[in-house]
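What you see below is based on every heavy atom in this structure, not just the backbone, and it leaves out hydrogens, waters and symmetry mates. Remember, it's a predicted structure, so these values are computed and weren't measured experimentally.
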Amino acid sequence: MNKGMMALATGAMTAAVVATGSWFGYQHHEQRVSPGEVLRGYDATSPASTAPHTENVFTGRVTAFEGQRDLQSWTSDIYRVEVISVLRGNVRGTVRVTYAPEEEPRPRLTDGETYVFATRAWDDATVKGGHAQLFKGPMKPVNDEQLTAWKQAAELLPVRTQ
């Protein structure tokens, strides 16, 4: 009986230490992130770092700016994009892409221009047929250098199936 109580007390003490350490670790990170900042586990300005977090990497032509919405406490631009070519994933046709540039004033994507998009589909009905743009580097019309960097980043990854 004494050994049972000792094991129970040891387990409870271990659980308390883990819970307390987790809480203090969370508070440490929460205090370092200011309102309007996002804590990411990757460099969102690098194709090689962003690509592993994407479902789709594709070139697409912006056909329309649909407006802005607050999505998960973040103001996002919503664009209708016609998929031109797919480097990773299975996206096809015309999709809606949410893009939340981090700099002010907010640069807009230009209708009719083709860009590289690195996205993950919205899990819910937040934006019907929507994909969140994960890359937060400068969005410039696609050129050979960008395309090569994204092709290399996408080629290193296993294909995701859903």
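A donor-acceptor pair under 3.5 Å is formed between the side chain of Ser46 and the backbone N or O of Ser49. One N or O on the side chain of Glu55 and one on the backbone of Ala121 form a donor-acceptor pair closer than 3.5 Å.
Residue Leu134 is not grouped with residue Val83 when hydrophobic side chains (ILVMFWY) are merged at heavy-atom distances under 4.5 angstrom, including chains of intermediate members. Taking hydrophobic clusters as Ile, Leu, Val, Met, Phe, Trp and Tyr residues chained together by side-chain heavy-atom distances below 4.5 Å, Val62 shares a cluster with Phe65. Transitive grouping of hydrophobic side chains (ILVMFWY, heavy atoms separated by less than 4.5 Å) brings Val81 and Leu147 into a common cluster.
When all heavy atoms of Trp150 and Ala118 are compared, the closest pair comes out as CH2-CB, 3.5 Å. A pairwise comparison of heavy atoms in Leu109 and Met139 identifies CD2-CB, 3.6 Å as the closest pair.
For the side-chain contact (heavy atoms from CB on, under 4.5 Å) test, residues two or more places apart in sequence or in another chain that qualify with Thr148 are Gln152. Thr45 pairs by the side-chain hydrogen bond (donor to acceptor under 3.5 Å, both in side chains) definition with Asp43, not counting sequence neighbours.
Contact of the Phe135 side chain with the Val116 side chain is not registered, since no non-hydrogen atoms from C-beta on lie closer than 4.5 Å. Side chains of Gln133 and Thr119 form a contact here, defined as non-hydrogen atoms less than 4.5 Å apart. Side-chain contact between Lys151 and Leu87 is present, with at least one heavy-atom pair separated by less than 4.5 Å. Phe117 has its side chain out of reach of Val142: every pair of non-hydrogen atoms, C-beta onward, lies at least 4.5 Å apart. Inter-residue side-chain proximity for Pro141 and Tyr115 is flagged as met; some heavy-atom pair is nearer than 4.5 Å.
With rounding to the nearest 0.5 angstrom, the CG atom of Asn56 is 6.0 Å from the NE2 atom of His131. Rounded to the nearest 0.5 angstrom, Asp70 CG and Thr75 OG1 are separated by 4.0 Å.
Crowding of Asp144 atom CG: a count of heavy atoms from other residues, nucleotides or ligands under 6.0 Å not exceeding 12.
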*Worked check of side chain to side chain contact (heavy atoms under 4.5 Å, CB included) between Val86 and Val91*: CA-CA 7 Å; Val86 178; Val91 67; 4.2 Å; yes

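For residues 73-84, the set of pairs meeting the salt bridge (charged side-chain N to carboxylate O under 4.0 Å, His left out) definition, not counting sequence neighbours, comprises Arg61-Glu82, Glu66-Arg80, Asp77-Arg106, Asp77-Arg108.
Between Tyr79 and Tyr99, the angle of the ring planes lies from 30° to 60°, which puts this pair in the tilted group.
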